[in-house]
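One structure is given below, encoded as structure tokens.
The analysis underlying the following values was restricted to heavy atoms, covering all of them including side chains, and did not include hydrogens, waters or symmetry mates. Predicted, not measured: the structure shown is a model, and the values here were computed from it.
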Amino acid sequence: MSRTYTNYRWEKPGRRGDRYLYKRDWVLTYPSGTEARREEQVIATVTYDSNAKSPYWGKWHVSFGAQTPELNELRKSVLPKFSSKDDAIAWVTAMVRLNI
């Protein structure tokens, strides 16, 4: 069996607040060529801190899932905070591309 990852994309879920999900699709394929399962997987999340009492108020936070050992190590480290959504998204995209 082999797992293939495709269709990397950013999505904004339909919930209140500023949150963006970095997703990918994966397909499990048997040696015979038949596809067993297709699912989407959230790799990372970029969220705006709107709590005025937080020391990081007005910043964008990044969080990762643990899809690879490298991303798991990155997830456990101190992640930067960003003043721009676009900077946060660009950084996450680069980190995922470097570590998968």
Side-chain angles (χ1 to χ4, degrees):
M1 292 187 298
S2 68
R3 187 178 289 194
T4 306
Y5 299 103
T6 60
N7 195 24
Y8 289 79
R9 66 203 178 276
W10 282 98
E11 288 184 5
K12 182 172 175 142
R15 59 178 271 192
R16 187 173 161 242
D18 287 325
R19 174 186 247 185
Y20 294 85
L21 305 175
Y22 194 43
K23 294 183 173 185
R24 70 181 173 191
D25 297 332
W26 64 269
V27 177
L28 188 60
T29 308
Y30 289 106
S32 64
T34 58
E35 291 182 358
R37 196 164 104 177
R38 289 181 168 260
E39 286 189 21
E40 68 178 17
Q41 179 180 48
V42 176
I43 302 169
T45 304
V46 171
T47 308
Y48 182 75
D49 187 349
S50 60
N51 180 359
K53 294 181 181 181
S54 168
Y56 299 110
W57 176 65
K59 299 287 186 184
W60 291 85
H61 298 259
V62 171
S63 62
F64 286 97
Q67 284 78 21
T68 65
E70 295 84 3
L71 286 178
N72 190 39
E73 285 301 313
L74 187 60
R75 181 180 66 87
K76 292 190 274 181
S77 67
V78 177
L79 299 173
K81 310 293 186 252
F82 298 90
S83 56
S84 161
K85 172 192 65 144
D86 293 334
D87 290 347
I89 285 175
W91 187 81
V92 167
T93 303
M95 291 299 106
V96 169
R97 298 289 176 174
L98 288 171
N99 288 295
I100 57 172

> After noting the C-alpha distance and the side-chain angles of Tyr5 and Trp26, does the key distance pass the ring pair (Phe, Tyr, Trp, His ring centres under 6.0 Å) rule?
Replying inline: CA-CA 4 Å; Tyr5 299 103; Trp26 64 269; 7.2 Å; no
>> One pair to check against side chain to side chain contact (heavy atoms under 4.5 Å, CB included): Ser63 and Arg75. What are the steps and the verdict?
In response: CA-CA 7 Å; Ser63 62; Arg75 181 180 66 87; over 6 Å; no
> Does the pair Tyr8 and Arg97 meet the rule for a side chain to side chain contact (heavy atoms under 4.5 Å, CB included), with working shown?
Replying inline: CA-CA 10 Å; Tyr8 289 79; Arg97 298 289 176 174; 3.4 Å; yes
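Within the model, atoms CH2 of Trp60 and OG of Ser84 stand 8.5 Å from one another, a figure rounded to the nearest 0.5 Å. Ile89 CD1 to Tyr22 OH: the interatomic distance, rounded to the nearest 0.5 Å, is 10.5 Å. With values rounded to the nearest 0.5 angstrom, His61 atom NE2 is found 12.5 Å from Thr45 atom OG1. Considering NZ of Lys23 and CD1 of Ile43, their distance stands at 11.0 Å, rounded to 0.5 Å.
Of the candidates Val62, Leu79, Val96, Leu74 forms a side chain to side chain contact (heavy atoms under 4.5 Å, CB included) with just one, namely Leu79.
Listed by chain and residue number, Asp18 satisfy the salt bridge (charged side-chain N to carboxylate O under 4.0 Å, His left out) test with Lys12 (two or more places apart in sequence, or in another chain). Taking the side chain to side chain contact (heavy atoms under 4.5 Å, CB included) definition, one finds that Ser54 meets it with Asp49, Asn51, Tyr56, sequence neighbours left out. Remark: Lys53 engages no residue in a salt bridge (charged side-chain N to carboxylate O under 4.0 Å, His left out) (not counting sequence neighbours). By the side chain to side chain donor-acceptor pair (under 3.5 Å) test, Trp57 pairs with no residue at all, sequence neighbours left out. In this structure Tyr20 satisfies the ring-ring contact (aromatic ring centres under 6.0 Å, His included) test with no other residue, sequence neighbours excluded. Asp25 is linked by a salt bridge (charged side-chain N to carboxylate O under 4.0 Å, His left out) to Arg9, counting only residues two or more places apart in sequence or in another chain.
In the hydrophobic clustering of ILVMFWY residues, with side-chain heavy atoms under 4.5 Å counting as a link, Trp91 and Leu71 come out together.
Considering all non-hydrogen atoms of both residues, Arg19 and Pro13 come closest at O-CD, 3.3 Å. Across all non-hydrogen atoms, the minimal contact from Ala44 to Phe64 is CB-CD2, 3.8 Å.
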